[in-house]
Amino acid sequence: MYEHLNQVSSNVSTEVAKNVRKDLKHHFPLVKFSVRKRGYGAIDVSWTDGPTTEQVESIVNKYQQGSFNGMEDIYEYSITEFNTIYGGVDYVFTKRSLSDETISKAIHLLKLEHVGSCDDIPTVDGYRRGEGLSTSPFDHFNPFYSWQRLITDKASELDLSNGFKPHLKAVHTNAGWFAEVNGAFIAATQSNGVKEAFSKALQLI
C-alpha cells in the first residue's frame with residue numbers, strides 16, 4: 001500500500017517531507033507541489049490549481065501525529081503505526097493557489113448557474129481587486145453569498161489534477177430538464193433542448 005514511501009529511522013522533518021513529496025507525486029503525478037519544512041515539527045504544502053484542498057489533505061493529514069488542545073494549551077500526540085514507520089510531524093499546513101484561468105472558469109460556471117442575474121459579476125481582475133465583496137446575484141445582499149465568496153467557493157471545488165474536464169449530465173426536475181456542467185445548471189426549453197444546452201454551456205467555459 002505504501003511501497004512508494006521510505007521507512008524512516010527518526011521523525012526528522014526533512015525525512016518526513018521527502019515522503020510527503022513521494023506520496024503527492026504518486027497520487028497526483030501531473031501536479032507540481034512545494035513541500036517545505038517549517039522549523040522542526042511542521043511541514044508546508046503548497047500548489048497552484050491541481051487537486052482540491054480536501055483531496056490533498058486526504059493524503060497528507062496522516063503525517064500529522066496529533067493536535068493542539070487549546071483548552072489545556074498542550075499538544076496531544078496520537079501517533080499511529082503509519083507515523084512510526086513512515087514518519088510524522090506535529091503540523092501539516094496546506095495552501096492551494098488559484099490561477100486567473102481557474103478563476104475565469106469559476107466565473108463562467110456561475111454565469112450558467114445564475115442566468116439573468118450576472119450584470120454585476122466581476123471579471124477576473126475585478127475579483128482580484130475584491131470588487132465582488134459588495135455585490136451578489138440575490139436580491140437581498142448577504143456577504144456569505146457575495147460574488148467574491150461564490151467565485152472563491154466555485155473555483156475551490158474544481159478538481160484540476162488532470163486538467164479541466166467538463167462533467168456533463170442531463171438532469172430532470174419538477175422545473176423541467178437541465179444540462180448540468182460541473183455543478184452549474186442551464187435550463188433546456190422546447191427551443192433549446194438538452195443537447196443545445198450542453199453546447200451553449202461548453203461555449204461559455
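In this chain, numbering begins with 1 at the start of the sequence shown.
- Remark: side-chain polar atoms of N83 are paired, donor with acceptor, to backbone N or O of G87 under 3.5 angstrom.
- Proximity of a side-chain donor or acceptor of Y77 to a complementary backbone N or O of Q65 within less than 3.5 Å is not detected.
- In this structure, Y127 contributes its side chain and G132 its backbone to no donor-acceptor pair below 3.5 Å.
- Within the 4.5 Å cutoff, the side chain of Y91 has heavy atoms near those of the Y75 side chain.
- Between P51 and V31, the closest side-chain pair of non-hydrogen atoms falls below 4.5 Å.
- For R128, the CZ atom sits in a packed shell: over 12 heavy atoms of surrounding residues, nucleotides or ligands are nearer than 6.0 Å.
- Under 4.0 Å is where a charged nitrogen must lie from a carboxylate oxygen, and between D44 and R38 at least one such pair does.
- Residue Y145 qualifies as open at atom OH: its count of foreign heavy atoms under 6.0 Å is 12 or below.
- Remark: the backbone N or O of G41 is not paired with any side-chain donor or acceptor of D90 at under 3.5 angstrom.
- Residue pairs meeting the salt bridge (charged side-chain N to carboxylate O under 4.0 Å, His left out) criterion with at least one partner in residues 19-29, sequence neighbours excluded, are D23-K62.
- Under a hydrophobic-cluster definition in which Ile, Leu, Val, Met, Phe, Trp and Tyr are linked whenever side-chain heavy atoms come within less than 4.5 Å, directly or via other members, I107 and L133 are assigned to different clusters.
- Between W47 and F33, the two ring planes are tilted [angle within 30° to 60°].
- Between H4 and M1, the shortest heavy-atom contact is CE1-O, 3.7 Å.
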Legend entry - Stepwise side-chain contact (heavy atoms from CB on, under 4.5 Å) test for E113 and K154: CA-CA 11 Å; E113 203 166 324; K154 179 62 69 175; 3.1 Å; yes
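- A 6.0 Å sphere centred on CD of E101 holds no more than 12 heavy atoms belonging to other residues, nucleotides or ligands.
- Looking only at distances, a side-chain donor or acceptor of Q55 sits under 3.5 Å from a matching main-chain atom of T52.
- The structure places CD1 of I121 at 10.5 Å from OG of S136, a figure rounded to the nearest 0.5 Å.
- Residues F144 and L110 fall within the same hydrophobic cluster, defined by Ile, Leu, Val, Met, Phe, Trp and Tyr side chains chained together at heavy-atom separations under 4.5 Å.
- Hydrophobic clustering of Ile, Leu, Val, Met, Phe, Trp and Tyr side chains at less than 4.5 Å, counting indirect connections, keeps V56 apart from L30.
- If you take CG on D153 and CG on L158, they are separated by 11.0 Å, rounding to the nearest 0.5 Å.
- Side-chain atoms of I151 and P122, non-hydrogen and from C-beta on, do get closer than 4.5 Å to each other.
- Taking all atoms of both residues into account, the shortest heavy-atom contact from P143 to R149 is O-CB, 3.9 Å.
- Distance alone, capped at 3.5 Å, places no donor-acceptor pair between the E72 side chain and the I74 backbone.
- Atom CD of E76 has more than 12 heavy atoms from other residues, nucleotides or ligands within 6.0 Å.
- For the atom pair Q64 CD and E57 CD, the distance stands at 9.5 Å (nearest 0.5 Å).
- Panel note: side chain R96, backbone S46; no donor-acceptor pair is recorded below 3.5 Å.
- Panel note: side chain S146, backbone N142; no donor-acceptor pair is recorded below 3.5 Å.
- For the pair G39 and S13, the tightest heavy-atom approach, listed with the atom from each and the gap, is O-OG, 3.6 Å.
- The cluster map of Ile, Leu, Val, Met, Phe, Trp and Tyr, joined by side-chain heavy atoms under 4.5 Å apart, puts Y2 and I85 in the same cluster.
- The NZ atom of K95 lies 9.5 Å from the OG1 atom of T48; values are rounded to the nearest 0.5 Å.
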Inset, instruction - Test L98 against S156 for side-chain contact (heavy atoms from CB on, under 4.5 Å), laying out the working first. - result: CA-CA 8 Å; L98 299 169; S156 299; 4.1 Å; yes
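- Annotation: side chain of V45 is in contact with side chain of I43 (closest heavy-atom distance under 4.5 Å).
- The closest side-chain heavy-atom distance from I59 to F28 is below 4.5 Å.
- Atom OG1 in T135 sits 7.5 Å away from atom CH2 in W147 (nearest 0.5 Å).
- Defined by atom type and a distance below 3.5 Å, a donor-acceptor pair is missing between the side-chain atoms of T123 and D125.
- Within the 3.5 Å criterion, the main-chain N or O of L5 finds no donor-acceptor partner in the side chain of N19.
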